[in-house]
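Index from 1, following the sequence.
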Amino acid sequence: MISRIMRILTQQQADHYHEQGYVIIDKLIDADKIAGLAEHLRLAALGKLGPGVTIGRERGLTGEATSDEDALLRVRKVSNLARHDEFFRDLVANDHLVSIGRDLLGDEIRYLGDEAQLKPARYGSPHPWHQDEPYFKEMAIPIATIWISVDRATQANGCMQV
């Protein structure tokens with residue numbers, strides 16, 4: 001059990017989140033863990049993590065994949081990872097991520113789900129601007145989404161923008 005004494009966010013960051021709806025925390029997860037995350041996402045997209053992981057395919061691509069690289073270009077997203085894979089289960093239970101959730105939402109937090117968007121360069125349909133919160137309107141609890149960039153996110157490669 002993580003202690004409330006452990007704080008990742010400064011009060012200024014927490015205030016920014018509550019005023020602006022987001023906070024950016026650089027280098028929260030070390031490079032080795034990010035590399036492991038990238039590899040596990042690759043395995044998930046290739047259907048190699050076992051049953052239960054949901055693979056969303058890119059619309060409009062026809063024919064069979066001729067290689068792992070080709071197969072990866074056909075995957076739009078993977079989800080239900082933490083429920084079916086120990087690496088992802090450990091990631092969502094990471095002390096730092098749990099602490100951030102508590103700093104922002106209070107002690108009574110829970111994990112609702114996961115989804116990884118896979119957007120290779122020059123492939124795929126656009127993902128229009130949106131906010132995640134409307135997807136959870138029926139829930140009577142505060143919601144926060146944690147977004148982790150696996151690849152270097154720049155304007156040139158279409159990074160997340162706020």
Side-chain angles (χ1 to χ4, degrees), residues 1-31 33-45 47 49-59 75-120 124-155 157-162:
M1 184 77 133
I2 190 169
S3 166
R4 266 305 279 164
I5 296 170
M6 179 184 184
R7 281 195 65 109
I8 300 300
L9 297 182
T10 65
Q11 187 60 51
Q12 182 180 12
Q13 288 172 310
D15 291 346
H16 185 274
Y17 173 83
H18 290 293
E19 292 167 11
Q20 301 297 318
Y22 72 96
V23 63
I24 298 170
I25 306 163
D26 289 322
K27 298 180 176 100
L28 179 67
I29 300 173
D30 68 53
K33 190 68 147 181
I34 293 293
L37 177 55
E39 176 59 14
H40 278 80
L41 287 172
R42 187 182 78 74
L43 292 172
L49 288 187
V53 172
T54 303
I55 301 172
R57 308 257 180 233
E58 183 63 50
R59 292 182 299 236
V75 176
R76 174 62 176 209
K77 63 184 172 182
V78 290
S79 54
N80 299 315
L81 299 159
R83 287 187 170 92
H84 302 284
D85 183 75
E86 184 177 355
F87 177 89
F88 290 105
R89 220 173 358 267
D90 290 345
L91 180 65
V92 300
N94 173 288
D95 286 350
H96 291 109
L97 298 181
V98 171
S99 179
I100 290 167
R102 288 183 170 164
D103 287 347
L104 297 177
L105 304 175
D107 285 336
E108 296 297 320
I109 62 169
R110 63 192 86 152
Y111 163 80
L112 293 176
D114 58 63
E115 181 175 279
Q117 299 287 330
L118 307 176
K119 299 177 185 178
S125 57
H127 198 76
W129 283 75
H130 69 283
Q131 293 180 336
D132 290 337
E133 195 268 339
Y135 295 105
F136 303 104
K137 277 287 189 205
E138 294 80 36
M139 304 191 84
I141 59 173
I143 299 288
T145 300
I146 296 176
W147 181 78
I148 301 169
S149 176
V150 175
D151 298 319
R152 184 163 162 69
T154 67
Q155 286 185 336
N157 71 7
C159 68
M160 175 74 73
Q161 297 179 30
V162 293

Could you please spell out the steps behind the side-chain contact (heavy atoms from CB on, under 4.5 Å) verdict for Val75 and Glu58? CA-CA 5 Å; Val75 176; Glu58 183 63 50; over 6 Å; no

Can you confirm whether Gln155 is buried at CD, in the sense that more than 12 heavy atoms of other residues, nucleotides or ligands lie under 6.0 Å from that atom? no

Where is the tightest heavy-atom contact between Ile55 and Ala44, given as atom of each residue plus distance? CD1-O, 3.4 Å

With rounding to the nearest 0.5 Å, note down the distance linking CD1 in Ile146 to CG in Leu28. 8.5 Å

State, with a plain yes or no, whether a side-chain heavy atom of Ile100 is found less than 4.5 Å away from one of Leu9. yes

Heavy atoms, side chains only, cut-off 4.5 Å: are Ile34 and Ile148 in contact? yes

Under a 4.5 Å cut-off applied to non-hydrogen side-chain atoms, are Gln117 and Arg76 in contact? yes

Which atom pairs, donor and acceptor, lie under 3.5 Å between side-chain atoms of residues 83-90 and protein residues at least two apart or in another chain?
residue, atom, partner, partner atom, Å
Arg83, NH2, Leu112, O, 3.4
His84, NE2, Gly52, O, 3.4
Asp85, OD2, Phe87, N, 3.1
Asp85, OD2, Phe88, N, 3.4
Arg89, NH1, Ala82, O, 3.0

Within this structure, what is the CD1-CZ distance for the pair Ile143 and Arg110, rounded to the nearest 0.5 Å? 8.5 Å

Between the CD1 atom in Ile29 and the OG atom in Ser149, the distance rounded to the nearest 0.5 Å is 10.5 Å

Hey, are Gln13 and Gln11 close enough side-chain-wise for a donor-acceptor pair under 3.5 Å? no

Quick check: do Leu81 and Leu91 have side-chain heavy atoms less than 4.5 Å from each other? no

Would the distance check show the side chain of His16 and the main-chain N or O of Tyr22 forming a donor-acceptor pair, the cut-off being under 3.5 Å? yes

Please name the residue in the list Ile8, Asn94, Leu104 that meets the side-chain contact (heavy atoms from CB on, under 4.5 Å) test with Ser99. Ile8

Spacing of Arg57 atom CZ and Lys77 atom NZ [to the nearest 0.5 Å]: 13.0 Å

Does some side-chain heavy atom of Val150 sit less than 4.5 Å from a side-chain heavy atom of Leu41? yes

Does the pair Leu43 and Leu49 meet the rule for a side-chain contact (heavy atoms from CB on, under 4.5 Å), with working shown? CA-CA 6 Å; Leu43 292 172; Leu49 288 187; 4.0 Å; yes

Please list all pairs passing the side chain to side chain donor-acceptor pair (under 3.5 Å) test where one or both residues lie in residues 33-45, with sequence neighbours left out. Glu39-Arg42

